[in-house]
Trainee: 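Please find one structure pasted underneath; my questions will follow.
All figures in this text were calculated on a predicted structure; none of them were measured in a lab. For the single chain, residues carry numbers from 1 onward in sequence order.
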Amino acid sequence: MSEAYFPVESGALGPEENFLSLDDILMSHEKLPVRTETAIPRLGAFFPERSGGAETDNTIPQRTINIARAECISCLSHTFTMLPVCFRNPYSCLIQGSKLEIPLWLAKGLFDNRRRILSVELPKIYQEGWRTVFSADANVVDLHKMGPHFYGFGSQLLHFDSPENADISQSLLQTFIGRFRRIMDSSQNAYNEDTSALVARLDEMERGLFQTGQKGLNDFQCWEKGQASQITASSLVQNYKKRKFTDMED
């Protein structure tokens, strides 16, 4: 019986995700803190609390020009409850300086070094304080709680040309090296044991490594017991014997 879904290898550790991979699809929807460096038209409807259209029913718009607070790319602005909005469409502009959390795929689409549409703020787990913790002892950290796609998400952060990219990449590498041996040792010494508590602290990529180690151990145990493979007669040989016995009876 064939499997309903054949796992597709993740591409998150490379320059781009593999959008045929379920792991990469889930990772690309993780939120990333950003700050808008300019007013963005046609995006305010998705963030009404930070757009110029955050007007209540009882609010009377004041026709005061307020270019100092934010400049819309398409037109001048006036004030609705102390927030600048566009004359053409009250929900069209996302004002400059807005702090948002948007999915990784959207941040990558909007990021542009030349136009400076938005700037990316590093999530706490990739900042210097946590990098110091990882360098001290990476095994004590519950990576799945901090971020289920720690390595893949961190690798994609290098896309944003942060001055800390070199430190982030080095921290990811050293964290993986520091945790790899313990993961593989645990997978090889946990035969027929409950490993749920151990696996719960692992990143998704580390869980894949743990499962690979467990499968290797199970295959080795089956080989030792002589259960790895059984030699059976070919169907052609069996059919030949049946024909031979029939000829002898005749």
Trainee: Is there a side-chain contact between Pro123 and Leu157 in this structure, where contact means two heavy atoms from C-beta onward sitting under 4.5 Å apart?
Mentor: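 Yes - at least one pair of side-chain heavy atoms lies under 4.5 Å apart.
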Trainee: For residues Leu202 and Leu143, determine if any side-chain heavy atom of one lies less than 4.5 Å from a side-chain heavy atom of the other.
Mentor: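 A side-chain contact is absent here, since even the closest heavy-atom pair is not under 4.5 Å.
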Trainee: When rounded to the nearest 0.5 angstrom, what is the spacing between CD1 in Ile125 and CH2 in Trp130?
Mentor: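 Here the interatomic distance stands at 6.0 Å.
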Trainee: For the residue pair Ser186 and Leu198, what are the closest heavy atoms and their distance?
Mentor: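 Closest approach of Ser186 to Leu198: CB-CD2, 3.3 Å.
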Trainee: Just so I know, are the side chains of Met146 and Val141 near enough to count as touching, which here means a heavy-atom distance under 4.5 Å?
Mentor: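 In short, these two side chains touch, coming nearer than 4.5 Å.
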Trainee: Could you give me the CA-CA distance, side-chain angles and deciding distance for Phe134 and Gln174, then say whether side chain to side chain contact (heavy atoms under 4.5 Å, CB included) is met?
Mentor: CA-CA 8 Å; Phe134 289 129; Gln174 294 303 320; over 6 Å; no
Trainee: Test question: given the 4.5 Å side-chain rule for I, L, V, M, F, W and Y, name all other residues clustered with Leu26, or answer none.
Mentor: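 Leu26 clusters with nothing; isolated.
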Trainee: Do Pro148 and Glu30 have side chains that get closer than 4.5 Å, going by heavy atoms?
Mentor: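 Yes, side chains in contact.
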Trainee: The criterion is salt bridge (Lys or Arg N to Asp or Glu O under 4.0 Å); which residues satisfy it with Glu121, sequence neighbours excluded?
Mentor: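 Once residues adjacent in sequence are excluded, Glu121 has no partner under the salt bridge (Lys or Arg N to Asp or Glu O under 4.0 Å) criterion.
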Trainee: Go through the structure and list residues passing ring-ring contact (aromatic ring centres under 6.0 Å, His included) with Phe176, not counting sequence neighbours.
Mentor: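 Phe176 satisfies ring-ring contact (aromatic ring centres under 6.0 Å, His included) with Tyr151, Phe180 only.
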Trainee: Please step through side chain to side chain contact (heavy atoms under 4.5 Å, CB included) for the pair Glu101 and Leu32, ending with a clear verdict.
Mentor: CA-CA 5 Å; Glu101 287 190 348; Leu32 183 65; over 6 Å; no
Trainee: Please test Phe150 against Thr175 for side chain to side chain contact (heavy atoms under 4.5 Å, CB included), starting from the C-alpha separation and ending with a verdict.
Mentor: CA-CA 10 Å; Phe150 173 75; Thr175 299; 4.1 Å; yes
Trainee: Got a sec, which pairs hit salt bridge (Lys or Arg N to Asp or Glu O under 4.0 Å) with one end in residues 140-166, sequence neighbours left out?
Mentor: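 Every pair satisfying salt bridge (Lys or Arg N to Asp or Glu O under 4.0 Å) with a residue in residues 140-166: Arg131-Glu164.
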Trainee: What are the two closest heavy atoms between Thr36 and Ile95, and how far apart are they?
Mentor: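 What the structure gives for the nearest pair is OG1-O, 2.9 Å.
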Trainee: Taking side chain to side chain donor-acceptor pair (under 3.5 Å) as the definition, give me every residue that meets it alongside Ser119, ordered by chain and number, with sequence neighbours left out.
Mentor: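 Side chain to side chain donor-acceptor pair (under 3.5 Å) check on Ser119 returns Glu37.
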Trainee: Ring-plane angle category for Phe111 and Phe160, please: parallel below 30°, perpendicular beyond 60°, tilted otherwise.
Mentor: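 Aromatic pair Phe111/Phe160 classed perpendicular.
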Trainee: In plain terms, say whether Lys215 and Asp219 are close enough for a salt bridge, that is, a side-chain N and a carboxylate O under 4.0 Å apart.
Mentor: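 Looking at Lys215 and Asp219, the cut-off is met.
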Trainee: Is any side-chain heavy atom of Gln156 less than 4.5 Å from a side-chain heavy atom of Met27?
Mentor: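 Gln156 vs Met27: side chains touch.
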Trainee: Where is the tightest heavy-atom contact between Leu217 and Gln188, given as atom of each residue plus distance?
Mentor: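 Looking at all heavy atoms of both residues, the shortest contact is CD2-O, 3.5 Å.
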Trainee: CD of Glu128: more than 12 outside heavy atoms within 6.0 angstrom?
Mentor: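 Not buried by this count: 12 neighbours or fewer within 6.0 Å.
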Trainee: Determine, step by step, whether Asp137 and Val140 satisfy the side chain to side chain contact (heavy atoms under 4.5 Å, CB included) criterion, reporting the C-alpha distance in whole Å, the side-chain angles of both residues, the deciding distance to 0.1 Å, and the verdict.
Mentor: CA-CA 6 Å; Asp137 188 359; Val140 302; 3.3 Å; yes
Trainee: Considering the options Arg179, His144, Gln211, which one meets the side-chain hydrogen bond (donor to acceptor under 3.5 Å, both in side chains) requirement together with Glu206?
Mentor: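 The residue from Arg179, His144, Gln211 that satisfies side-chain hydrogen bond (donor to acceptor under 3.5 Å, both in side chains) with Glu206 turns out to be Arg179.
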Trainee: List in chain and number order the residues that pass salt bridge (Lys or Arg N to Asp or Glu O under 4.0 Å) with Lys124, two or more places apart in sequence or in another chain; answer none if no residue qualifies.
Mentor: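 Scan of Lys124 (salt bridge (Lys or Arg N to Asp or Glu O under 4.0 Å), adjacent residues dropped) gives none.
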Trainee: Is there side-chain contact between Leu100 and Pro33, with at least one heavy-atom pair below 4.5 Å?
Mentor: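 Heavy-atom side-chain distance check fails, nothing below 4.5 Å.
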Trainee: Specify the closest pair of heavy atoms between Ile168 and Gly154, including all atoms of both residues, with the distance to one decimal.
Mentor: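 Closest pair (atom of Ile168, atom of Gly154, distance): CG2-O, 4.2 Å.
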